[in-house]
Asks: 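My questions will all concern the structure given below.
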Amino acid sequence: MAEKTSVRAVKGMNDVLPGEIARWHRLEALFRRSMALTGYREVRTPFVEHKPLFVRAIGEVTDVVEKEMYAFTRHHDELALRPEGTAGAVRAYVEHKVANAEPVSRWYYLGPMFRAERPQAGRYRQFWQYGAECFGDAGPGSDAEMIAELCAFLSAAGVTAPRVLLNSIGGPGTRVAYTEAVRAYLEPKKAQLSEDSQKRLEKNALRILDSKAPEDHAALEGAPTLESVLDEADKDHFKNLLGHLDALGVTYEVDPKLVRGLDYYTRTLFEIKGAKEKLGAGDTLIGGGRYDGMVEQLGGASVPAIGFAGGLERLLIATDDGEKKPVVSVFLAPMGSPATTYALVLARELRAHGVTCDVDTRGANLKSMLRRATSLEAPYGILVGDAEIAAGVVEVKDLNARTQEKIARSEVVRVLADRLAKGTP
RNA sequence: GUGACUGUAGCUCAGUCGGUAGAGCGCCGGAUUGUGGAUCCGGCUGUCGCGGGUUCAAUCCCCGUCAGUCACCCCA
């Protein structure tokens with residue numbers, strides 16, 4: 001039993017086998033393409049950071065740092081596996097004094113994050129996030145652009161009917177003031193609240209707003225609205241954002257109760273949701289928002305920023321399979337040992353010309369070699385035996401058309417490279 | 001972290017009101033000494049998740065444990 005468990009993957013951390021990797025590659029390529037189109041460049045930061053970085057950036061009383069972090073001590077360093085990407089990106093931005101080198105920085109990232117939660121559909125302990133940060137632009141235009149491009153990306157990926165939810169929670173001062181206002185309003189009604197919300201009242205009263213419990217909804221009737229505490233500049237920012245989105249043709253829903261769980265957000269806050277039928281409770285595809293105070297808080301200059309992050313596994317659930325791609329273009333089936341040597345040499349030449357190929361070196365019979373060629377969906381097969389070697393030719397089989405022709409060994413590399421370049425199959 | 005459900009072949013699942021298991025798909029071989037996906041024929045694979053208890057006997061009943069799934073919490 002002990003031996004059995006030791007060769008198991010860690011709970012909530014999954015293998016991606018070669019059979020499913022094509023779907024990942026497809027989405028990753030689409031994401032990189034979308035980022036490149038918008039002038040974003042990739043940044044890679046470590047998977048491990050000093051734990052206090054996350055505590056400071058994400059917030060001491062958030063669930064993510066309180067109970068979901070993989071934290072450990074190595075010698076005298078308090079370290080943690082990154083639970084999200086923004087903290088590390090901001091740290092790198094500050095550490096390398098990037099603000100001094102350029103006014104605006106557009107960074108994206110793609111990689112695994114770690115959160116010790118109970119696994120569920122679309123929620124894992126190691127999961128992949130794609131995300132981006134735009135530093136140095138306080139204008140609502142950058143908010144709108146980010147949201148619009150995300151919608152285009154999701155649509156290219158094949159997500160059906162994503163919903164964009166939007167809200168503004170004002171500047172850092174506003175957030176604190178509003179949290180206090182909500183707390184003060186609900187304090188006398190504490191007994192009516194759900195058990196969870198009674199705890200939230202002390203810890204983070206703002207979170208009661210997006211509670212799912214019906215009794216909380218009732219208690220919130222008549223609560224102070226966010227709008228009542230936003231200052232003119234905040235309102236202006238939000239109004240302009242909506243205007244830009246309208247012009248861009250993005251449909252959205254303003255949701256005054258959208259708050260989100262990370263403490264660092266200011267002003268714009270958004271979420272993009274996918275189909276509940278597929279994703280279940282984890283239907284949030286992308287979450288993001290502005291965090292104008294964070295760069296300064298982590299020791300940098302006062303630089304505004306906005307970012308987002310999405311879960312790749314959730315996107316995989318929300319999208320259908322792309323087309324199946326052949327594993328290789330050419331499958332070489334040699335009959336006999338001299339033919340295997342011959343095929344290995346030929347394959348090397350083909351690869352040198354950029355042709356992907358697989359040589360079946362098992363010494364199996366032709367029938368089973370061709371079966372493999374079929375399962376790899378190779379468009380071409382090359383059959384070689386003693387007779388072909390003696391004749392200086394090779395049998396080239398079009399595996400889709402089921403036709404076959406003899407081609408001179410001296411010609412075959414050029415012929416196949418040409419045919420494949422034309423994209424025939 | 002809380003609660004519910006599930007755990008039988010590589011995959012999807014059936015089954016035994018307790019007497020150690022089976023179907024489809026897949027895989028392998030043959031029909032076709034060197035020609036694939038269709039068809040036909042044949043074949044292989046299981047510590048019935050793991051540990052313990054009850055019993056003459058447990059895959060089936062009971063307890064525990066691990067894993068998975070779903071919901072909550074929270075979030076991507």
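Letters A, B, ... are given to chains in the order of the sequence lines, protein chains preceding strands, and every chain is numbered from 1.
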Asks: Looking at A:Arg207, I'd like to know whether one of its side-chain N or O atoms comes within less than 4.0 Å of OP1 or OP2 on B:rC75.
Replies: yes

Asks: Report which part of the nucleic acid A:Tyr124 touches: base, sugar-phosphate, or nothing (heavy-atom distance under 4.0 Å, all strands).
Replies: base

Asks: Taking 4.0 Å as the cut-off, does a side-chain nitrogen or oxygen of A:Lys11 come that near to OP1 or OP2 on B:rC66?
Replies: no

Asks: If you look at every strand shown and take non-hydrogen atoms under 4.0 Å, does A:Leu285 touch a base, only sugar-phosphate, or nothing?
Replies: sugar-phosphate

Asks: If you look at every strand shown and take non-hydrogen atoms under 4.0 Å, does A:Gly12 touch a base, only sugar-phosphate, or nothing?
Replies: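 Contact class for A:Gly12: sugar-phosphate only.
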
Asks: Side-chain donor or acceptor of A:Glu395 under 3.5 Å from a matching atom on the base of B:rU35?
Replies: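 Such a pair does not exist between side chain and base.
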
Asks: In whole Å, measure the gap between the P atoms of B:rG36 and B:rC27 for me.
Replies: 15 Å

Asks: Between B:rA76, B:rC72, B:rC28, which nucleotide gets closest to the side-chain atoms of A:Arg371?
Replies: B:rC28

Asks: Pick the P atom in B:rU45 and in B:rC40, then give their distance to the nearest Å.
Replies: 23 Å

Asks: Would you indicate what A:Thr62 reaches in the nucleic acid, counting non-hydrogen atoms under 4.0 angstrom: base, sugar-phosphate, or nothing?
Replies: nothing

Asks: Please report, rounded to the nearest Å, how far the C1' atom of B:rG30 is from the CG atom of A:Asn365.
Replies: 10 Å

Asks: With C1' as the reference atom in both, quote the distance from B:rC50 to B:rG43 in angstrom, rounded to an integer.
Replies: 31 Å

Asks: Shorter than 3.5 Å, N or O on both sides, protein versus nucleotides 39-46 of chain B: list them out with atom names.
Replies:
none

Asks: Distance check needed: B:rA71 P versus A:Glu117 CD, whole Å only.
Replies: 14 Å

Asks: Find every protein N or O atom lying less than 3.5 Å from an N or O atom of nucleotides 4-9 of chain B, and list the pairs.
Replies:
none

Asks: Using a cut-off of 4.0 Å on non-hydrogen atoms, how would the nucleic acid contact of A:Ala333 be classed: base, sugar-phosphate, or nothing?
Replies: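 Result for A:Ala333 = nothing.
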
Asks: Does a side-chain N-to-carboxylate-O contact under 4.0 Å join A:Lys273 and A:Asp283?
Replies: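 A salt bridge links A:Lys273 with A:Asp283.
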
Asks: For B:rG37, does the base pair up with any side-chain atom of A:Thr374 as donor and acceptor (N or O, under 3.5 Å, distance only)?
Replies: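 No, the side chain and the base share no sub-3.5 Å donor-acceptor pair.
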
Asks: I'd like the C1' distance from B:rA76 over to B:rG64, given in whole Å.
Replies: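 These two C1' atoms come out 35 Å apart once rounded.
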
Asks: With distance as the sole criterion, is a donor-acceptor pair present between the side chains of A:Ser197 and A:Arg200 under 3.5 Å?
Replies: yes

Asks: At less than 3.5 Å, do the side-chain atoms of A:Gln120 and the base atoms of B:rG68 form a donor-acceptor pair?
Replies: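 By the distance-only test, no, there is no pair.
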
Asks: Which nucleotide in the set B:rU35, B:rG34, B:rC73 lies at the smallest distance from any side-chain heavy atom of A:Glu388?
Replies: B:rG34

Asks: Using both pair distances under 3.5 Å as the test, note the stems of at least 3 consecutive Watson-Crick or G-U pairs that include RNA chain B.
Replies: B:1-7 with B:66-72, B:10-13 with B:22-25, B:27-31 with B:39-43, B:49-53 with B:61-65

Asks: Does this structure show an ion pair linking A:Arg32 with A:Glu42, if we count only N-O contacts that are shorter than 4.0 Å?
Replies: yes

Asks: Taking the same atom, P, in B:rA14 and in B:rU8, what whole-Å distance lies between them?
Replies: 10 Å

Asks: Report yes or no: is there a donor-acceptor pair, N or O only, under 3.5 Å between the side chain of A:Lys397 and the base of B:rU35?
Replies: yes

